[in-house]
Each structure stands twice: as structure tokens, then as C-alpha cells.
Amino acid sequence: MENETIITEVQYQAKIEELKSLVSSIIVGQEKMLDLLLTAVLADGHTLIEGVPGVAKTLTARLLAKLISANFSRMQFTSDLMPSDVLGTNVFNVSKGCFEFHQGPAFGDIILVDEINRAPAKTQSALFELMEERQTTIDGECHKMGDVYTIVATQNPIEQEGTYRLPEAQLDRFLFKIHIGYPSVEDEIAIIKAHNSNSRFTKLENITPILSKEELLDLRSKANNVFIDEKLIQYIALLIQETRTNKSIYVGASPRASIAFLHAAKAYALIQGRSFVIPDDIKMLTFPILCHRIILTAEAEMEGLSIDRVIKEMVEKVEVPK
């Protein structure tokens, strides 16, 4: 039995490497984003990807869903979208003489919510129960989602025209917020060459899944069993506490952020091929976990401080356990 366990671990690690390699061959120069996206999926968390149009946010989310043998659904958020357009609605069936529920695009396993911040607050609220409890209640009836249910949302920077700021309660439900910038000159050249040699290389029809839903759930179980030392748990708590006492921060991180740290650190360690968490795992995850959960004071913003800088100073201030 012990040998079988070892073989299984090796096989899963090989699948993770294969998955990362395939995505990297299509999404050029975004290795960090890929690691974070895989971490979020293994940690059973939702991800918000932010970047200007055209930097492969949607393609990345679609590719991730394609590589996992799961039901994929896509929603394009617009300013006129209604909650029923997302969740579905009860429709009267004349022949049967009763109402039947017609599912909306929010039903599936991996859900891509494209340009999530182009919909108003009324539509945003339709996702609250889904993201936290993996269920939705419509006309008094509860509809449960599957065990794999994961939302990957993309958004354009809030400074762009036609965007709405996401409510704090919804932002807190995202495990990570991942920023995607412009590619370097070298990566841009690689992208152009790839399209020049094969104009259809971004088409996903011929890609076969690498992980089944059962394997993904098994990997999540293995991530939960990754060891984390008591001192590292205290380190996470001190980082979260710093967000609540820092003079530059108006709204600090909630206990949900502490739990996010715990699960994300374990999943990230597993992706790196380790069965234990190290301090660098936590430090690496600090920004994507906290950047969307804290709000700076007006004084800090007037002084020109950024969330990036404040988080960096926090990490330097809190002592790393030895």
C-alpha cells in the first residue's frame, strides 16, 4: 500500500507539471499567474483576474476549464444583465400545467464570469450565495452546485469607462486577485511568432483534459493534508492582524482571509512538489490574498501610498518564524 501511495503522488505531480507546461506553451510569460490559478483551484477558491483588455484573461480561464474534465460555462457581464439572466428562472410549462426551472449559465463546474465589473450591484449580488455556499435559492427552492464548483472572473481596471467597483463583500469571497500586466518585449515576440507559425494555436478544440473531476477532488484532499507548522499559523495570524492595526489601512482583512492563507499555502506547497508549507509560500501569497481585501485611509492615498507598497512594508515588518 505504501508503494502505491508513492506512485500515486508521483503520477499527480507529473500531471501538475504537464498541466503547467501545456498552459505555458499557449499563455506566454504568465508563469506566476498560472501557479496562482492552479493554487486557487486546488484550494477550492474563486479567482479574480484583473488586466487591460487583450492580455489573455479570458483565454486563460477557458484553457484551465478545458484541462479539467468538468462542465464549463461562460457568462459575459454587461450593464443590462439581470440576476435571472445569471441564475435562471422558473418558466410555466403549458403542456404540463406547472412551472419548470430553467438553469442559467451560473450552473456548471468551472464558471467563467467575463468582465465581472461591467454589471451593476443588483446583478453582482446574484453571485454572493453561489461563491460562499456553492448554492443558490430561487423562489424559495435551494439548488446545490457540484463539489468542483469554481468561479474564475475577469475584470478590467476600474478606471476604465463602463465599469463598476465590486462590493467589498464580494471581493472578500475571492481567494485571489491576480494582476496581469503587459508582456515583456521578449514575450511579445514569442506571442507574435507563435501566431505567425500557427494562426489557430489558441483554439482549444483539440486540447484533451489532463485531470478528471475525481482526480481534482483527490488532489484537493492531498492539499488539505499538507503539513503546516504551528509557528507558520501564528505568522499568518500576525500578518492579518497587521492589516487591522496599520495606520495606513482603513479596512483590514477578515478571518476569511486567514482561512484563505491556510488553504492557499497548503495548495501552493503541493504544486511546488512539497508535503509541507514554508515561510516563502506565505510571503509569496500575501499580495494576491490581501490586495483586494484592504482599503487604504484617505490620508495614505493623499500621500501617494499604494496597496502594493503598504503590503510590502507589512511583510517586511512582521517577523518570519525560524
Side-chain angles (χ1 to χ4, degrees), residues 37-38 40-50 57-93 98-156 158 162-178 204 209 211-214 216-217 220 256 260 263 292:
L37 206 51
L38 290 176
V41 173
L42 291 188
D44 195 16
H46 310 295
T47 305
L48 179 63
I49 305 175
E50 180 178 281
K57 302 187 301 295
T58 302
L59 176 62
T60 302
R62 289 177 58 218
L63 180 58
L64 176 70
K66 186 71 176 178
L67 293 174
I68 298 171
S69 183
N71 296 325
F72 173 69
S73 182
R74 181 182 184 276
M75 293 184 280
Q76 177 66 52
F77 270 27
T78 57
S79 59
D80 60 348
L81 201 69
M82 299 295 289
S84 59
D85 298 325
V86 174
L87 301 175
T89 186
N90 285 307
V91 178
F92 188 73
N93 187 320
C98 63
F99 282 94
E100 292 181 343
F101 178 65
H102 287 208
Q103 294 181 352
F107 285 76
D109 293 317
I110 306 248
I111 312 298
L112 168 60
V113 183
D114 211 3
E115 295 188 304
I116 188 172
N117 60 337
R118 291 203 180 276
K122 184 176 183 178
T123 306
Q124 297 291 348
S125 64
L127 297 177
F128 280 27
E129 186 180 6
L130 280 173
M131 295 180 70
E132 182 64 21
E133 302 170 44
R134 300 318 202 268
Q135 68 178 37
T136 184
T137 306
I138 301 171
D139 291 342
E141 184 178 355
C142 180
H143 301 270
K144 296 281 186 180
M145 302 300 170
D147 294 332
V148 178
Y149 195 78
T150 305
I151 290 177
V152 179
T154 71
Q155 75 169 15
N156 297 324
I158 59 173
T163 60
Y164 298 83
R165 178 179 172 84
L166 298 184
E168 285 76 8
Q170 183 171 21
L171 286 171
D172 198 33
R173 284 166 165 77
F174 283 106
L175 179 69
F176 292 147
K177 180 180 178 182
I178 304 173
L204 307 181
L211 285 175
S212 67
K213 286 197 285 188
E214 292 73 21
L216 175 58
L217 293 174
R220 284 181 176 178
R256 188 186 280 128
H263 294 305
H292 58 296

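Please read these numbers as outputs of a predicted model, since none were measured by experiment.
- Looking at Ile116 and Leu127, their side chains come closer than 4.5 Å, going by heavy atoms from C-beta outward.
- Every residue two or more places apart in sequence or in another chain was checked for a salt bridge (Lys or Arg N to Asp or Glu O under 4.0 Å) with Asp85, and none qualifies.
- In terms of modelled atom types and a separation under 3.5 Å, the side chain of Thr47 and the main chain of Ala40 share no donor-acceptor contact.
- Residue Ile110 holds its CD1 atom at 7.0 Å from CG of Leu216, rounded to the nearest 0.5 Å.
- In this structure, CG on Asp80 lies 8.5 Å from OG1 on Thr123, to the nearest 0.5 angstrom.
- Atom CE of Met75 sits about 10.5 Å away from atom CG of Asp114, to the nearest 0.5 Å.
- Crowding of Asn90 atom CG: a count of heavy atoms from other residues, nucleotides or ligands under 6.0 Å exceeding 12.
- Listed for the Glu132 side chain is no donor-acceptor partner under 3.5 Å among the backbone atoms of Arg173.
- Between Leu112 atom CG and Leu63 atom CG the span is 12.0 Å, to the nearest 0.5 Å.
- At distances below 3.5 Å, not a single donor-acceptor pair connects side-chain atoms of His263 with backbone N or O atoms of Ala43.
- Contact between Ala169 and Phe128 at its shortest, heavy atoms only, is CB-CE2, 3.9 Å.
- Across Ala106 and Leu87, no two heavy atoms sit closer than the pair CB-CD2, 4.2 Å.
- Looking at residues two or more places apart in sequence or on another chain, you find a side chain to side chain contact (heavy atoms under 4.5 Å, CB included) between Asp44 and Arg134, Arg220.
- At least one donor-acceptor pair closer than 3.5 Å links the side chain of His292 to the backbone N or O of Phe174.
- Inter-residue side-chain proximity for Leu48 and Leu166 is flagged as met; some heavy-atom pair is nearer than 4.5 Å.
- Contact between Pro120 and Thr78 at its shortest, heavy atoms only, is CD-O, 4.0 Å.
- Separation of atoms CD1 (Ile111) and NE2 (His46) is listed at 10.0 Å; rounding is to 0.5 Å.
- The shortest distance between side-chain heavy atoms of Leu81 and Arg118 does not fall below 4.5 Å.
- Contact between Gly88 and Ile138 at its shortest, heavy atoms only, is O-CD1, 4.2 Å.
- Using a 4.5 Å heavy-atom threshold, the side chains of Lys66 and Phe72 count as separate.
- Between the side chain of Thr136 and the backbone N or O of Leu130, no donor-acceptor pair lies under 3.5 Å.
- The NE2 atom of His102 sits 9.0 Å away from the OG1 atom of Thr89 when rounded to the nearest 0.5 Å.
- Judged by distance alone, the side chain of Gln124 and the main-chain N or O of Pro167 form no donor-acceptor pair under 3.5 Å.
- A pairwise comparison of heavy atoms in Phe77 and Ala119 identifies CD2-CB, 3.4 Å as the closest pair.
- The closest donor-acceptor contact from the side chain of Thr154 to the backbone of Glu115 lies under 3.5 Å.
- The side chain to side chain contact (heavy atoms under 4.5 Å, CB included) test applied to Pro209 returns Ser69, not counting sequence neighbours.
- Between His143 and Phe101, the ring planes are parallel. Angles under 30° get that label, and only those over 60° would be called perpendicular.
- Between Phe176 and Leu37 the shortest side-chain heavy-atom distance does not fall below 4.5 Å.
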